[in-house]
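Beneath this line is the structure, given in structure tokens, with notes to follow.
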Amino acid sequence: MSSCSRRAALISLAALAGCGFTPLYGTGSAARGVLGRIAVGDVRRGELPDRMTFTLTDRLREKLGAAPSPAYRLDIDLAVREEELGITRGNDITRYNLTAVALWRLRGAGGGAGPQVLDGTATSYTAYSSTATVYSTRIAARDAEVRMARDLADKIAIQIAARADRLPA
């Protein structure tokens, strides 16, 4: 790195520090204070849990930390829409677009019926290709759902962390 590049980087960091910029998970931050205090509750998508809801739940637990005695409970309503995109002359579908929307609510942990303290929406988009075999198409669809679930979990965790200073102590 040249001295000019180093100087520009230092000036940029100083400017960010001067405007009140602090790391999201920095020492003493509100976001760091909620880690391990949020239990992941229900993820509702249809009647039965599926691979996507399991992946979303696992990723959220990874991001938010284990909560042995939680102060909050996170519940999510998940909706996924699949759109047929590429259609050949023979009426074969070659591409699917998926859109997932997660409506989340963070409540006090009082048995899941505590007061709502935060809520939000996270949206994720992905696509997969259809092939000549049913098996490989199904695997591609599963992989797409896993990607979306991880993306949604990351977005929800960031939204909570960014607004952690609004949570009651």
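Please read all numbers here as calculations on a predicted model, not as lab measurements.
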Check your understanding: Going only through I, L, V, M, F, W and Y residues with side-chain contacts under 4.5 Å, is there a path from Val40 to Val146?
Key -> no
Practice item. Could you pull out the closest heavy-atom pair between Ala39 and Ala67, with the gap in Å? Key: N-CB, 4.0 Å
Side-chain heavy-atom pair [X], [Y] within 4.5 angstrom cut-off:
{"X": "Thr55", "Y": "Arg51", "answer": "yes"}
{"X": "Met52", "Y": "Leu78", "answer": "yes"}
{"X": "Asp154", "Y": "Leu152", "answer": "no"}
{"X": "Val34", "Y": "Leu64", "answer": "no"}
{"X": "Tyr125", "Y": "Asp151", "answer": "no"}
{"X": "Thr137", "Y": "Tyr128", "answer": "yes"}
{"X": "Glu83", "Y": "Tyr96", "answer": "no"}
{"X": "Leu74", "Y": "Ile76", "answer": "yes"}

Review point. Distance from Lys63 atom NZ to Leu60 atom CG, nearest 0.5 Å?
Key: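 Answer rounded to 0.5 Å: 10.0 Å.
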Check your understanding: Roughly how far apart are Glu145 CD and Arg147 CZ, rounded to 0.5 Å?
Key ->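 Answer for the CD-CZ pair, Glu145 versus Arg147, is 10.0 Å.
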Between the main-chain N or O of [Y] and the side-chain N or O of [X], is there a donor-acceptor pair closer than 3.5 Å?
{"X": "Gln159", "Y": "Thr121", "answer": "yes"}
{"X": "Arg163", "Y": "Asp119", "answer": "yes"}
{"X": "Lys155", "Y": "Thr123", "answer": "yes"}
{"X": "Asp75", "Y": "Asp42", "answer": "yes"}
{"X": "Arg37", "Y": "Ala66", "answer": "no"}

Review point. Any chance CZ of Arg59 has more than 12 other-residue heavy atoms, nucleotides or ligands included, within less than 6.0 Å?
Key: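 Yes - once you tally the heavy atoms of other residues, nucleotides and ligands closer than 6.0 Å, there are more than 12.
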**Study point:** No-hydrogen, no-angle side-chain donor-acceptor test under 3.5 Å, Asp50 and Thr53
**Key:** yes
